[in-house]
Amino acid sequence: LKPAAHALFKKLKDEELELLVQAVESRGAWESGCVWAPRGAKQALPPQVLLCRLYRWPDLRQPHELKHLCYCAGGRGGCGDTAVLCCNPHHFSRLAAPETPPPPYSKASCGPSWPDEPQHPGTQLLEFSYNGGDWRGKRLCSPPPDTSLSRSTIKDGYWCKLAYWEHRTRVGRLYAVHEASVNVFCELPRGSGFCLGQLPAAHRSRAVRRARGKIGRGLLLSREPGGVWAYNRSEHPIFVSSPTLGPPGARGLTVLKVLPGYSAKVFDYERAGGTGGQWLPGEGPCDPHSVRISFAKGWGPCYSRQFITSCPCWLEVLLNQPR
């Protein structure tokens, strides 16, 4: 990689090299600018693959394993010059190929779909899924009345509201999201968003304090064409469930494990259009427009925690009705 990297560095302008140094030294702790590199037909590896492999994922092979993060101009059509592309390694997250067939629990990192491609049964990129009837009644699927969204909120200008929970207790107020993306974090050197570290609580258990210590940079939640994506910016896994993660007609909800540096499409608006509310015995109605994300701790039949309310720290994403 070193000869190829040196050859690429020689092609970058001084300002591009400076941006690259800032991004690598910060390890993506804050949003940096695009690093524009010339496209080249003779390159063995595309510039973005080369730098992502050099600085983030040594086992990376192909461009389709990567996804542009929402704030990368290269993912929105570039800078107007088709001869260049962004190769900032911290402007990308990683996706992985599925296992065939996927077992109930797999340690292979993965996301629920490739960007801009429809999902099909049997091609889910799932890390942890369980769609059998054994999970009926073992999920918290609807928020309490004070966190639900009414149809009258559609015109209020936000696309989702966030509720932060510690076990069964909601902490703080609902956080309305008006921008296309939002950071959810405890510690972020630069940037803004929903800071969980500032939310007070009268009594926190040792388990909650431990879990909060693992949130760190947290996640980036973004509304993109067709759905909602979550990028894990922390150093620990996050676990996600939503009504659109599982195959059509699946009973129960799918739980997806997203490792650090990976993105997952956690909600699909098109699929949600045909998803009615479900009723799970013992848990009540399932909101077809919500996502639940647990920080660092998973739940389900492979864990001692059977319900998300047993997880120390988790986030509820209450989506506005899709337009």
Side-chain angles (χ1 to χ4, degrees), residues 16 19-37 46-57 60 62-80 84-96 109-117 125 127 159-160 162 177-185 187-194 215-238 240 256-269 291 293 295 315 317:
E16 309 298 334
L19 285 173
L20 178 60
V21 170
Q22 293 175 358
V24 171
E25 289 183 346
S26 71
R27 297 177 60 191
W30 54 80
E31 295 179 12
S32 54
C34 287
V35 177
W36 300 108
Q48 72 274 28
V49 176
L50 174 61
L51 295 188
C52 284
R53 189 170 166 184
L54 184 64
Y55 293 116
R56 300 192 68 184
W57 303 291
L60 183 68
Q62 300 295 331
H64 63 252
E65 298 176 50
L66 298 172
K67 176 187 179 298
H68 284 275
L69 295 178
C70 60
Y71 51 77
C72 177
R76 302 191 303 267
C79 62
V84 297
L85 50 79
C86 177
C87 62
N88 186 331
H90 290 282
H91 276 201
F92 294 87
S93 62
R94 194 173 177 187
L95 299 169
S109 309
C110 44
S113 68
W114 298 109
D116 303 322
E117 290 187 6
L125 306 187
E127 175 150 0
W159 62 273
C160 77
L162 306 178
V177 180
H178 300 270
E179 301 295 330
S181 63
V182 61
N183 292 303
V184 182
F185 60 94
E187 299 176 4
L188 192 64
R190 298 183 188 175
S192 60
F194 189 20
I215 294 175
R217 298 173 186 172
L219 60 92
L220 175 67
L221 199 66
S222 58
R223 182 184 61 174
E224 303 183 30
V228 177
W229 286 78
Y231 168 54
N232 185 359
R233 302 184 68 175
S234 75
E235 297 180 358
H236 299 273
I238 60 175
V240 186
L256 173 71
K257 182 179 180 183
V258 183
L259 291 185
Y262 283 70
S263 279
K265 187 177 183 180
V266 298
F267 193 85
D268 188 314
Y269 284 122
V291 179
I293 304 173
F295 296 99
L315 186 74
V317 184

Minimal non-hydrogen separation, C34 against C72, with atom names: SG-SG, 3.9 Å

Close side-chain approach of N232 and L259, heavy atoms under 4.5 Å: no

Spacing of OG belonging to S234 relative to CD belonging to E187, to within rounding of 0.5 Å: 11.5 Å

Validation row: L54, P89 side chains within 4.5 angstrom (heavy atoms): no

Minimum-distance pair of heavy atoms, taken over all atoms of N88 and G33: ND2-O, 2.9 Å

For Y269 against W159, the heavy-atom pair lying closest together: OH-CE3, 4.1 Å

Reported CZ-to-NE2 distance for the pair F92 and H90, which is rounded to 0.5 angstrom: 12.0 Å

Nearest-0.5 Å distance that lies between atom CD in Q62 and atom CG in L95: 14.0 Å

Test item: L221 and V317 side chains (from C-beta on) under 4.5 Å apart, heavy atoms: yes

Sidechain-backbone polar pair: H91 side chain, S32 backbone, donor-acceptor under 3.5 Å: yes

For S181 against L220, the heavy-atom pair lying closest together: CB-CD1, 4.0 Å

Minimum heavy-atom distance E16-V35, with the two atoms named: OE1-CA, 3.4 Å

Minimum heavy-atom distance G193-V182, with the two atoms named: CA-CG2, 4.2 Å

Spacing of CG belonging to L60 relative to CD belonging to Q48, to within rounding of 0.5 Å: 9.0 Å

Contact check, side chains of V184 and L315, non-hydrogen atoms, under 4.5 Å: yes

Short side-chain to backbone donor-acceptor contact, R94 and W57, under 3.5 Å: no

Atom pair CG/SG of L19 and C86 - distance to nearest 0.5 Å: 9.5 Å

Sub-4.5 Å side-chain heavy-atom contact between K67 and E224: yes

Nearest-0.5 Å distance that lies between atom CZ in F194 and atom CZ in F185: 10.0 Å

Residue pair L20 / C87, side-chain heavy-atom distance below 4.5 Å: no

Sole candidate of N183, I238, L219 that passes side chain to side chain contact (heavy atoms under 4.5 Å, CB included) when paired with R233: N183

